[in-house]
Colleague: 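Below: one structure in structure tokens.
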Amino acid sequence: EDKVVQSPLSLVVHEGDTVTLNCSYEVTNFRSLLWYKQEKKAPTFLFMLTSSGIEKKSGRLSSILDKKELFSILNITATQTGDSAVYLCAVPMTTDSWGKLQFGAGTQVVVTP
Amino acid sequence: NAGVTQTPKFQVLKTGQSMTLQCAQDMNHEYMSWYRQDPGMGLRLIHYSVGAGITDQGEVPNGYNVSRSTTEDFPLRLLSAAPSQTSVYFCASRKTGQGEKLFFGSGTQLSVL
């Protein structure tokens with residue numbers, strides 16, 4: 001059964017700290033891994049990773065995938081209060097060809113001033 | 001470009017009532033889906049559709065019906081609401097053949113008393 005596990009479930013940091021979020025997965029035929037940021041409403045897309053070892057970056061956010069060890073990391077450097085959100089990791093289920101996304105439970109990040 | 005539009009944003013129902021959550025997208029996406037989000041459980045797939053006239057069940061389909069008569073619309077029907085269906089519901093869509101990146105609506109917060 002496909003599985004996506006995120007850790008930690010929540011954390012509180014001070015502005016300026018660096019945050020590292022983990023996502024481990026178990027799928028039969030890996031295709032991709034996606035990261036989303038969810039503030040109060042809809043999840044918004046951050047990254048999609050398909051290849052091992054290639055870091056994706058967008059400003060202070062970066063992510064990397066390890067297909068051998070079956071995990072991905074999302075890093076946020078120099079955190080700001082606007083980074084407070086739930087960060088979701090998702091992997092397409094491999095039981096069909098349509099790639100339905102299976103989500104982890106998310107990591108809630110709180111950045112204090 | 002409106003993207004994915006969900007209505008209503010909030011709804012309170014009594015046990016046994018029926019209602020339809022509306023979802024429309026203007027991006028000509030073939031794939032549309034409904035998720036529910038509960039605390040600590042992430043997003044769970046209810047139903048999905050890969051085109052007009054084609055729907056299938058997701059992880060938690062019981063108590064929900066869907067139909068897809070047009071590419072743009074994908075309504076979710078609760079036939080007889082139960083307190084266990086209290087949740088936040090998200091509609092999401094994507095273009096097939098362009099990866100698994102989903103675009104989300106802003107959500108419907110549903111309470112069943």
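In what follows, chains carry the letters A, B, and so on, assigned in the order in which the sequence lines appear, proteins first and then strands, with residues in each chain numbered from 1.
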Colleague: Counting only heavy atoms closer than 4.5 Å, note whether Q108(A) contacts chain B via side chain, backbone, both or neither.
Modeller: neither
Colleague: For a quick test of reading the model, state the closest non-hydrogen atom pair linking K100(A) to Y48(B) and the distance between them.
Modeller: CD-CE2, 3.1 Å
Colleague: Between A105(A) and G40(B), what is the shortest heavy-atom contact and its length?
Modeller: CB-O, 3.6 Å
Colleague: Please indicate whether K56(A) has more than 12 foreign heavy atoms, meaning atoms of other residues, nucleotides or ligands, lying under 6.0 Å from its NZ.
Modeller: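 Counting neighbours around NZ of K56(A), 12 or fewer heavy atoms of other residues, nucleotides or ligands fall under 6.0 Å, so no.
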Colleague: Over all heavy atoms of both residues, which pair between L34(A) and K101(B) is shortest? Give the atoms and the distance, please.
Modeller: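 It is CD2-CA, 3.6 Å.
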Colleague: In Å and rounded to the nearest 0.5 Å, what is the OH to CG distance from Y36(A) to L43(B)?
Modeller: 9.5 Å
Colleague: Other residues, nucleotides and ligands only: do more than 12 of their heavy atoms fall within 6.0 Å of CG on L9(A)?
Modeller: no
Colleague: To check you understand the geometry: which heavy-atom pair defines the closest contact between P43(A) and F90(B), and what is its length?
Modeller: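 Between these two residues, the closest heavy atoms are CD-CE2, 4.0 Å.
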Colleague: NZ of K95(B): more than 12 outside heavy atoms within 6.0 angstrom?
Modeller: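 Counting neighbours around NZ of K95(B), more than 12 heavy atoms of other residues, nucleotides or ligands fall under 6.0 Å, so yes.
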Colleague: How long is the straight-line distance from CZ of F103(B) back to CZ of F45(A), given to the nearest 0.5 Å?
Modeller: 8.0 Å
Colleague: For residues A42(A) and G105(B), report the shortest heavy-atom separation together with the two atoms involved.
Modeller: CB-O, 2.8 Å
Colleague: Do M19(B) and V88(B) sit in the same hydrophobic cluster, where Ile, Leu, Val, Met, Phe, Trp and Tyr count as joined when their side-chain heavy atoms come under 4.5 Å apart?
Modeller: no
Colleague: Heavy-atom distance under 4.5 Å to chain A: side chain of L45(B), backbone, both or neither?
Modeller: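 Contact with chain A is through the side chain of L45(B) alone.
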Colleague: Check whether Q6(B) gets within reach of chain A through its side chain, its backbone, both or neither, counting any heavy atom under 4.5 Å.
Modeller: neither
Colleague: Hydrophobic clusters here meaning ILVMFWY residues chained together by side-chain heavy-atom distances under 4.5 Å, can you tell me if V91(A) and Y87(A) are in one?
Modeller: yes
Colleague: Looking only at heavy atoms and a cut-off of under 4.5 Å, which of M48(A), Q38(A), Q102(A) has the most pairs with chain B?
Modeller: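 Going by pairs under 4.5 Å, I would pick Q38(A).
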Colleague: Using the rule that Ile, Leu, Val, Met, Phe, Trp and Tyr join whenever any side-chain heavy atoms are under 4.5 Å apart, tell me whether F71(A) and L49(A) fall into a single cluster.
Modeller: no
Colleague: Looking only at heavy atoms, which two atoms of S32(A) and E100(B) are closest? And how far apart?
Modeller: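 Looks like OG-OE1, 2.9 Å.
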Colleague: Is it true that V86(A) and L101(A) fall in one hydrophobic cluster, defined by side-chain heavy atoms closer than 4.5 Å?
Modeller: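 They do share one cluster, since a chain of ILVMFWY contacts under 4.5 Å joins V86(A) to L101(A).
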Colleague: So for atom NZ, which belongs to K67(A), do other residues, nucleotides or ligands contribute more than 12 heavy atoms lying within a distance under 6.0 Å?
Modeller: yes
